[in-house]
Amino acid sequence: MAGSGKVEFVVRILIGAILALVLLERFFYYQELAEKTVMEATLTNMRSGMRLRIADLMTQNRSSEIAGMLDENPITWLERPPADYRGILGAGGAKADGWYV
């Protein structure tokens with residue numbers, strides 16, 4: 001069986017390629033899951049910041065200013081902006097490596 005060496009080699013290459021595809025698919029799945037988790041944590045922090053801002057306004061008897069929060073950038077309610085936050089869209093040209101409000 002002189003040709004069996006070539007067949008074994010092709011089978012090994014195919015198995016390696018299938019394993020690589022499965023691993024790559026898992027990598028992209030976990031990358032997406034991590035990005036989703038970061039986004040959800042940022043949203044939770046924004047909600048907490050909004051609640052703290054409302055509580056602060058209420059304790060200072062400035063409840064009439066709460067409606068004005070609709071025009072505010074929600075990133076200002078955070079202690080620090082997310083690492084990939086690039087600012088307000090239209091304030092300096094959009095870049096592909098981040099996100100905007």
Side-chain angles (χ1 to χ4, degrees):
M1 296 257 218
S4 66
K6 291 179 183 179
V7 171
E8 289 176 3
F9 178 72
V10 169
V11 169
R12 287 181 184 166
I13 294 294
L14 286 175
I15 290 173
I18 291 170
L19 286 175
L21 287 174
V22 169
L23 290 173
L24 192 60
E25 187 271 331
R26 291 275 74 182
F27 171 76
F28 287 132
Y29 169 77
Y30 286 118
Q31 182 181 19
E32 179 183 347
L33 184 63
E35 290 174 0
K36 181 180 177 186
T37 302
V38 168
M39 184 272 310
E40 288 173 350
T42 301
L43 182 60
T44 299
N45 290 338
M46 282 183 191
R47 286 180 180 150
S48 296
M50 177 187 64
R51 289 181 182 122
L52 288 172
R53 177 82 172 117
I54 289 172
D56 185 43
L57 290 172
M58 291 174 74
T59 58
Q60 296 176 13
N61 291 325
R62 296 169 39 197
S63 298
S64 60
E65 296 178 28
I66 293 175
M69 290 177 59
L70 292 173
D71 298 326
E72 291 181 15
N73 181 351
I75 298 297
T76 61
W77 304 332
L78 300 173
E79 185 175 333
R80 64 181 181 280
D84 57 349
Y85 176 65
R86 300 293 177 242
I88 298 173
L89 183 63
K95 295 180 182 148
D97 64 340
W99 58 276
Y100 300 84
V101 173

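The residues of the chain are indexed from 1 along the displayed sequence.
Here the shortest heavy-atom pairing between Ile66 and Ile54 reads CD1-CG2, 3.8 Å. Smallest separation of non-hydrogen atoms from Trp77 and Met69: CZ2-CE, 3.6 Å. In plain terms, the two heavy atoms of Leu78 and Met46 that are nearest each other are CD2-N, 3.6 Å.
A continuous path of Ile, Leu, Val, Met, Phe, Trp and Tyr side chains, each step under 4.5 Å between heavy atoms, connects Val7 with Ile15, placing both in one hydrophobic cluster. Linking ILVMFWY residues whenever their side-chain heavy atoms come closer than 4.5 Å, directly or via other members, places Met50 and Met58 in the same cluster.
In this structure, Glu72 and Arg53 have side chains that are in contact, with non-hydrogen atoms separated by less than 4.5 Å.
Distance check: Arg80 CZ to Asn45 CG gives 9.0 Å after rounding to the nearest 0.5 Å. In this structure, Glu32 CD and Thr37 OG1 are separated by 10.0 Å, a value rounded to the nearest 0.5 Å.
No donor-acceptor pair under 3.5 Å is formed between the side chain of Asp56 and the backbone N or O of Leu52.
The neighbour count for Gln60 CD, taken as heavy atoms of other residues, nucleotides or ligands under 6.0 Å away, is above 12. Sparse packing is recorded around CZ of Arg47, with 12 or fewer heavy atoms of other residues, nucleotides or ligands lying under 6.0 Å away. In this structure, Met39 places its CE atom where more than 12 heavy-atom neighbours from other residues, nucleotides or ligands lie under 6.0 Å away.
In this structure, Arg26 forms no cation-pi arrangement with Phe28, as its terminal cationic atom is not both closer than 6.0 Å to the ring centre and no more than 45° off the ring axis.
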